[in-house]
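Take a look at the structure below.
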Amino acid sequence: EVQLVESGGGLVQPGGSLKLSCAASGFIFSGSPMHWVRQAPGKGLEWVGRIKTKANNYATAYAASVKGRFTISRDDSKNTAFLQMNSLKTEDTAVYYCTRITGDFRFDFWGQGTLVTVSS
Amino acid sequence: DIQMTQSPSSLSASVGDRVTITCQASQDIKNYLNWYQQKPGKAPELLIYGASNLETGVPSRFSGGGSGTDFTFTIRSLQPEDIATYYCQQYDDLPLTFGGGTKVEIK
């Protein structure tokens, strides 16, 4: 059974940092590009970024709203993806989901999400 | 960036009604479009991929169509468990973008 479990969310002050984790199981993690998607309270879905596989040099890409502040990485030996968030702003407050993308570009499995609240 | 415009933003229909949601892309995205269902407090779930392909395990009352810039999502006969917000999402180019969502309620 495919599972994605996010952790690391919480309350952080503006300008602070937080690192989210996404623990994967039930599939060949090292062969799957991984994405992060967020959802601000009461709002729609926003793509945050992605990391490709080792075969694709772990290439990353980010939304303009987080580029230069957020970094996606992965540890294939631990079947875990990460989202390092720096210089956090109040508008980064959201539930953050990690999701797997298939070869035909389907986000077919999602984690349960972890809430990040940026507030003083 | 490719803008995805969904309409309506909300709708109310009766059980058994046919419900249709539209999604318009700001440029040609071929058939690179997915549809998701999200229930309150839950993660999104994939319903339709490649504009018209039903994801495994998804009831056949859900369907999708279109290509290029104009797409539709249909629930053939609305059921109480279909109460949710529905999102389209393009994957023709980065950044991946979602429509604003359509909240479906029972009348």
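As a basis for the values below, the full set of heavy atoms in this structure was taken, side chains included, without hydrogen atoms, waters or symmetry mates. Just so it is clear: chains get the letters A, B, ... in the order the sequence lines come, proteins before strands, and each one is counted from 1.
Between chain A and the options L96(B), T97(B), L46(B), T56(B), heavy-atom pairs under 4.5 Å are most frequent for L96(B).
A cation-pi geometry, defined here as NZ or CZ lying under 6.0 Å from the six-membered ring centre and within 45° of its normal, does not hold between R69(A) and Y62(A).
Proximity to chain B involves both the backbone and the side chain of F105(A), based on heavy atoms less than 4.5 angstrom apart. For P40(B), no part lies near chain A; criterion is any non-hydrogen pair under 4.5 Å. Using a 4.5 Å cut-off between heavy atoms, V48(A) does not touch chain B at all.
For the 3.5 Å distance criterion, the side chains of S65(A) and E91(A) fail to qualify, holding no donor opposite an acceptor.
When ring centroids are compared, Y91(B) and Y32(B) come within the 6.0 Å threshold. In this structure, W47(A) has its ring center no closer than 6.0 Å to that of F107(A).
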